[in-house]
Amino acid sequence: MRVLITGGSGFVGQALCPLLKEAGHRPMVASRSPERARTLLPSGTDIRRSALDFVDTPPDAIVNLAGEPIAGKRWSDAQKERLVDSRLETTHELVRLCEQLSHTGDAPHVLVSASAMGYYGDQEEHEVDEDTAPHDEFAHRLCRRWEEAAQGVTEFGTRLAILRIGLVLDAHGGTLQKMLPAFRLGLGGRLGHGEQFMPWVHRHDLVRMIAFLLEHDEQQGAFNGSAPHPVTNAEFTRQLAQHLKRPALMPVPSKVLEVMLGEMSRLLLTGADMRPRRLEQAGFEFDYPTLDKALDDIIGAA
């Protein structure tokens, strides 16, 4: 398949493109920085500035990963607007591409579009699957609008799979890149009370999920993109420190995070016991189902 990827030079895209190429697919990437993308992606990847630039080379499938990092900056009103716009603009562009290609019968067969665990908002200790009612807060509204924008492709016969992604773990990027320096120095610790759940997924399994959803024509709708065994922040902290052979005796009080980060602190102080029910029912098997196994792989490679 010819697979068009937005956000292809990001942390997830850098692992997805080689996987697709090895499987015999042809990755095509829309990037606002083509020269930088060429240094990060496999040779031969077709890289252009805009998804609409691929009208003359119709993709069979699309993976939508683009969006400004949600934890990159404090959530001012202007930053909230940027977070929403960065996702909606790219997704609307993909809908326009599908519409244009539908006129010649070349609309992509499938769009796998990213969303996030934030769709559910704070769920406290409740187990969460794809049917769980969300808690209304900014993260939920952001993800809901992102998912609603992607629905437009279905008008043109394109199958839509939404992947609500948990915290992505791997060496040299993602969540762990920010955590490891402090933990390696023995300065890590739980955040707040530590009882909030952290749905996580090894990057290796996440890109396998995306490939699975691309290739299984019967799979559509929303899927939770996380490992089957989420852990609390306190347990995550304990296991990470154990794998690094360091103490983790420096908890960060909730009030400190709230003062430092404002509303964005909710990303760290709340969570959801999110389970990948629909993926497991569809037959997807995890190579890294437990945090212990994932950290064994990642810490050794870091």
Side-chain angles (χ1 to χ4, degrees), residues 1-70 72 82-83 85-98 100-101 107-116 146-147 149-150 153 158-175 177 201-215 223 225:
M1 288 191 294
R2 293 187 300 272
V3 184
L4 170 59
I5 305 156
T6 66
S9 60
F11 181 55
V12 175
Q14 288 180 47
L16 177 63
C17 288
L19 177 76
L20 294 176
K21 188 172 183 179
E22 290 167 11
H25 303 304
R26 179 185 171 190
M28 309 189 303
V29 170
S31 172
R32 294 179 180 176
S33 303
E35 294 306 319
R36 176 180 176 274
R38 288 189 182 94
T39 68
L40 299 171
L41 299 176
S43 61
T45 302
D46 189 351
I47 302 171
R48 308 183 191 183
R49 288 190 177 276
S50 166
L52 294 173
D53 291 339
F54 288 95
V55 170
D56 63 346
T57 313
D60 301 300
I62 303 174
V63 178
N64 182 22
L65 300 172
E68 181 161 336
I70 193 166
R82 281 191 290 270
L83 291 171
D85 289 347
S86 67
R87 287 157 174 78
L88 298 191
E89 287 172 5
T90 300
T91 307
H92 288 150
E93 186 174 89
L94 293 174
V95 174
R96 290 198 299 274
L97 176 64
C98 291
Q100 291 185 24
L101 293 175
H109 304 309
V110 56
L111 166 62
V112 177
S113 194
S115 181
W146 195 6
E147 295 185 14
V153 303
T158 299
R159 173 172 62 89
L160 175 62
I162 300 285
L163 195 55
R164 295 170 179 162
I165 300 171
L167 300 171
V168 184
L169 306 183
D170 207 345
H172 313 303
T175 302
Q177 186 176 47
V201 62
H202 195 304
R203 182 171 63 158
H204 167 85
D205 277 334
L206 177 59
V207 297
R208 290 179 58 244
M209 287 177 196
I210 294 170
F212 181 89
L213 292 172
L214 287 174
E215 295 168 356
F223 298 84

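Keep in mind that this is a model prediction, so the values were computed, not measured.
Take D60 and apply the side-chain hydrogen bond (donor to acceptor under 3.5 Å, both in side chains) test, not counting sequence neighbours, and it matches no residue. Contacts of D46 classified as salt bridge (Lys or Arg N to Asp or Glu O under 4.0 Å), with partners at least two apart in sequence or in another chain: R26, R48. Contacts of Q177 classified as side-chain hydrogen bond (donor to acceptor under 3.5 Å, both in side chains), with partners at least two apart in sequence or in another chain: none. Residues passing the salt bridge (Lys or Arg N to Asp or Glu O under 4.0 Å) test with R203 are D170, sequence neighbours excluded. By the side-chain hydrogen bond (donor to acceptor under 3.5 Å, both in side chains) test, T158 pairs with no residue at all, sequence neighbours left out. The side chain to side chain contact (heavy atoms under 4.5 Å, CB included) check on A114 picks up L65, W146, I165, with sequence neighbours excluded. Partners of R87 by side-chain hydrogen bond (donor to acceptor under 3.5 Å, both in side chains), not counting sequence neighbours: none found. For A66, the side chain to side chain contact (heavy atoms under 4.5 Å, CB included) partners at least two apart in sequence or on another chain are T6, N64, T90. Checked against salt bridge (Lys or Arg N to Asp or Glu O under 4.0 Å), E147 has the following partners two or more places apart in sequence or in another chain: R164. With sequence neighbours left out, F212 forms a ring-ring contact (aromatic ring centres under 6.0 Å, His included) with H216, F284.
A distance of 10.5 Å separates CZ in R96 from OG1 in T91, rounded to the nearest 0.5 Å. For the atom pair L167 CG and L206 CG, the distance stands at 11.5 Å (nearest 0.5 Å).
Under the 4.0 Å criterion applied to side-chain N and carboxylate O atoms, D205 and R208 are assigned as salt-bridge partners.
Under a 3.5 Å cut-off, the side chain of T57 and the backbone N or O of F54 do not form any donor-acceptor pair. Of the possible polar contacts, none joining the T45 side chain to the I47 backbone as a donor-acceptor pair under 3.5 Å is found.
Closest approach of L97 and P59 over heavy atoms only: CD2-CG, 4.3 Å. Contact record, V201 with G225: CG1-O, 3.7 Å, taken as the closest heavy-atom pair.
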Exercise answer: donor-acceptor pairs, residues 7-21 side-chain atoms, under 3.5 Å, sequence neighbours excluded:
unit_1: Q14; atom_1: NE2; unit_2: S9; atom_2: O; d: 2.9
unit_1: K21; atom_1: NZ; unit_2: S43; atom_2: O; d: 2.4

Could you go through residues 28-35 and list every donor-acceptor pair under 3.5 Å that involves a side-chain atom there, pairing it with any protein atom two or more places apart or in another chain?
unit_1: S31; atom_1: OG; unit_2: S33; atom_2: N; d: 3.1
unit_1: S31; atom_1: OG; unit_2: S33; atom_2: O; d: 3.3
unit_1: E35; atom_1: OE2; unit_2: R38; atom_2: NH1; d: 2.9

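Exactly one of L214, L213, L111 qualifies for a side-chain contact (heavy atoms from CB on, under 4.5 Å) with V63. That residue is L214. S113 pairs in a side-chain contact (heavy atoms from CB on, under 4.5 Å) with only one of the listed residues (L163, I162, I62, V153), which is I162.
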